[in-house]
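Accompanying notes for the structure given below.
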Amino acid sequence: MRKIPNFSVEKTVEAWRIFTRYAILTLYAKGENMDLPKAFEEKMKTLLGEEFDAYTACYEEPRYYGLRVNTSKISVEEFKKICPFSITPVPWIENGFYYDGEKESPARHPYYFAGLYYLQEPSAMTPADRLDITPGDKVLDVCAAPGGKATELGAKLQGEGVLIANDISNSRAKGLLKNLELFGIGNVLVLSEEPGKLTGYFPEYFDKILIDAPCSGEGMFRKDKKMMKAWEEHGPEFFSKLQRSILTQAASMLKMGGMLLYSTCTFDPLENEGSISWLLEQFPEFEIMDIRPYEGFSEGRPEYASIRQEEFRKTVRIFPHHMKGEGHYLALLRKGHAEQTVIRKTEKRGNRRTGSQEKLPEDLRSFLKLVRRPFDAERFDIRKDRVYYMPEDLPDLTGVRFLRSGLLVGELKKGRFEPSQALAMNLKKEEYANVLDFPLSDERVIKYLKGETILTDDMTGPKEKGWYLVCVDGYPLGFGKLSGGTLKNKYLPGWRWMSS
C-alpha cells in the first residue's frame, strides 16, 4: 500500500486561489519595486554561489515575450512566411519565437483568432516540448489551465488518441477550454476535478502525464517583481505538500512504461529535487530519464536529493541569467518498463451512441456530407440537443465533472443542425465543401470577428445558400449561414473581437 501524504488537495485549493489572486492584485499596486526578500536572497546565494551577482543583474533586463506556433494547423516554415510580426527563434523550442511585446500585439491579430499560435513565456514552453508525444497516446495534463502546455500536447497528438486536460478551478478551466478549442483540439476531455478523484477512473491508463505543479513561483520574480510579496505569504513548504499529493495521484494513473514530466517555475530545492526524491521513495519503480539537451540548461542539484542522487543530474534547471527566459525546473521520469503493462479493457461511456450514420438526424447527415473527413459512426454521442464526436477507448466516466467531452460538433435546434465554433476550428479549409476565404487585407475579416453581417456579392464562384466555413488566408475562423449574398454571422459571441 502506497503511503499517501496526510494532505488534502481539495482543502488547499482555496488557499492557492487566494495566493494567485493576491499576486495579481499586487501586480497592479502602486509603489516602487521591491528588493528581493532576504530569506530568498540567502537561499539563492547558497544555490548559485559565484553566479549570484549575475542572477540579480538580470533583474534589470526586460522580460521576454514568446509565441508558439500551432503545428496542428500550420508548419513552422509556412508560419514564418506569413508572420506579420518581427520574430526571432527561441533556440531550444523548434516552434517557439520571441517577439517585441512592447511594440507588437499578436493577440490583436486575425491569425491569433485562427488559432495559429499561442502566446507563452519562452521557458514555459519547455515542459510540453520535452515530453515526447506520439499520435495515439493517452495524455493527461493534471493542472492544465490556462492551456499553454495542453495546447502543445494536443497539437502533438495530431487528432489521434486523447488529451485529458484538468484544472480544479472551474473558472480557470473555462479559459482552458476556450484555448483548446481555439487551437482546434477535438480529441479532448476538459475536466474540473480534484486530481485524487480521477485515480478511480483512470488506473494505469495514461501513456504520458504532465504535471506543471502549483509552486511558490520564485522563477517568476524577474517577470513580476510584485510576486515577491505573495511569496512571503505562502512559501515552499506549503506547496511541496500539494505537489506530493498530485505526484502520488498521477503515479497511479500512469501505465507501466509511461512517461511523467514534472515541472515548476520555482528554484526551491524542496519543491524540485525534494518532491522528486519523495516520489522515488514512494514509487521505486520510477527512474529519472535524460531530457533533450540545450546548452543553456543547468543540471539538477544531486545534493538536494534524499536518494539516488546522481540521477538528479538528468533533471534540468533553467536560470534567467543563463537563458532568455524565466526560471523553471523539469524532471522526466519513466514508470518501470512497457513489458510490465497490465492491459485493461476499457468500458464505453454510458451516454447514447448512434451506432450508424443512418440513425443521425437528417439535417445533421446532410451537413456531414459537406465535411470531407471520414467519421466513425460509433463515436457520435448525442446528449439532449448537442452532438459530440468522442475520443476512442474511454472508460466509463459517469460522475466526473466535465466542461467538454470530445469535439462539440454542433447543436440540434428544432430538428435543424447548427455547427459549432469548435468544429470550425477543428476543420481545415480543404475538409469542408463550402468556403468563404478572405485575404488578411479584406476589411470583412475584422467585421466577421466582431460578429457583423457580411456581404459577399462581389465574390466570384457559385454561392449556394447554406453553411459556409469562413477563413482568413485559408485558415478557418468560424461558420456563417449564407443566403442571397448575405452571410448571417455565427461567430461565437464570447470570442468576438472587442474594439480597443
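Computed from a predicted structure; not experimentally measured. When reading the values below, keep in mind they use all heavy atoms of this one structure, side chains included, and skip hydrogens, waters and symmetry mates.
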Glu311 and Lys314: salt bridge (charged side-chain N to carboxylate O under 4.0 Å, His left out), yes or no, with the steps?
CA-CA 6 Å; Glu311 287 188 40; Lys314 298 178 181 180; 5.8 Å; no
Can you tell me if Lys255 uses its side chain to pair, donor with acceptor, with the backbone of Ala338 under 3.5 Å?
no
Ring centres under 6.0 angstrom apart (Phe221, Phe267):
no
side-chain contact (heavy atoms from CB on, under 4.5 Å) assessment of Lys45 paired with Glu42
CA-CA 5 Å; Lys45 286 180 179 178; Glu42 291 303 316; 3.7 Å; yes
With a 3.5 Å cut-off and no angle check, do the side chains of Tyr329 and Glu271 form a donor-acceptor pair?
no
Ignoring hydrogens and geometry beyond distance, is a side-chain donor-acceptor pair present between Ser169 and Asp167 at under 3.5 Å?
no
Looking only at the side chains, is there a donor atom on one of Gln282 and Thr248 sitting less than 3.5 Å from an acceptor on the other?
no
Under 30°, 30 to 60°, or over 60°: which ring-plane class applies to Tyr99 and Tyr65, parallel, tilted or perpendicular?
tilted
When every non-hydrogen atom of Gln243 is compared with those of Pro214, the smallest separation belongs to NE2-O, 3.0 Å
Once you measure the plane-to-plane angle for His109 and Phe85, does it fall in the parallel (<30°), tilted (30-60°) or perpendicular (>60°) bin?
perpendicular
Atom CZ in Arg379, atom CG in Leu407: separation rounded to 0.5 Å?
9.5 Å
Using the ring of each side chain (for Trp, its six-membered ring), is Phe319 parallel, tilted or perpendicular to His321, with breaks at 30° and 60°?
tilted
Only residue of Arg63, Arg222, Lys223 satisfying side-chain hydrogen bond (donor to acceptor under 3.5 Å, both in side chains) with Glu326 is Arg222
Evaluation steps, ring-ring contact (aromatic ring centres under 6.0 Å, His included), between Tyr388 and Phe402
CA-CA 13 Å; Tyr388 299 88; Phe402 287 95; 9.4 Å; no
Between Glu77 and Lys80, is the closest basic N to carboxylate O distance under 4.0 Å?
yes
To the nearest 0.5 Å, what is the distance between CG on Leu67 and OG1 on Thr88?
10.5 Å
Where do Pro391 and Gly161 come nearest, in terms of heavy atoms and distance?
CB-O, 4.2 Å
Report the distance from atom OG1 of Thr199 to atom CD of Gln249, rounding to the nearest 0.5 Å.
6.5 Å
Quick one: pull up CZ in Arg68 and CD in Glu121 and give me the separation to the nearest 0.5 Å.
12.5 Å
Assess the side chains of Asn70 and Thr151: does a donor N or O sit below 3.5 Å from an acceptor N or O?
no
Would you tell me whether Thr126 and His328 have side-chain atoms, one donor and one acceptor, within less than 3.5 Å of each other?
no
Taking the six-membered ring of Tyr205 (Phe, Tyr or Trp), confirm whether the NZ or CZ of Lys138 is under 6.0 Å from its centre and within 45° of its axis.
yes
Glu60: partners by salt bridge (Lys or Arg N to Asp or Glu O under 4.0 Å), with sequence neighbours left out
none
Return the set of residues passing salt bridge (Lys or Arg N to Asp or Glu O under 4.0 Å) with Arg404 (not counting sequence neighbours), or none when no residue passes.
Glu181
So which atom in Leu280 and which in Leu333 form the shortest heavy-atom distance, rounded to 0.1 Å?
CD2-CD2, 3.9 Å
First locate atom CG of Leu189, then atom CE of Met390, and finally report the distance between them rounded to the nearest 0.5 Å.
5.5 Å
Would you say Lys335's side chain and Ala251's backbone share a donor-acceptor pair under 3.5 angstrom?
yes
With rounding to the nearest 0.5 angstrom, report the CG to CG distance, Asp381 to Leu394.
10.0 Å
Plane angle bin for Tyr294 and Phe297 - parallel if under 30°, tilted between 30 and 60°, otherwise perpendicular
perpendicular
Going through the checks in order, is the salt bridge (charged side-chain N to carboxylate O under 4.0 Å, His left out) test met by Arg308 and Glu287?
CA-CA 9 Å; Arg308 292 155 59 176; Glu287 61 177 315; over 6 Å; no
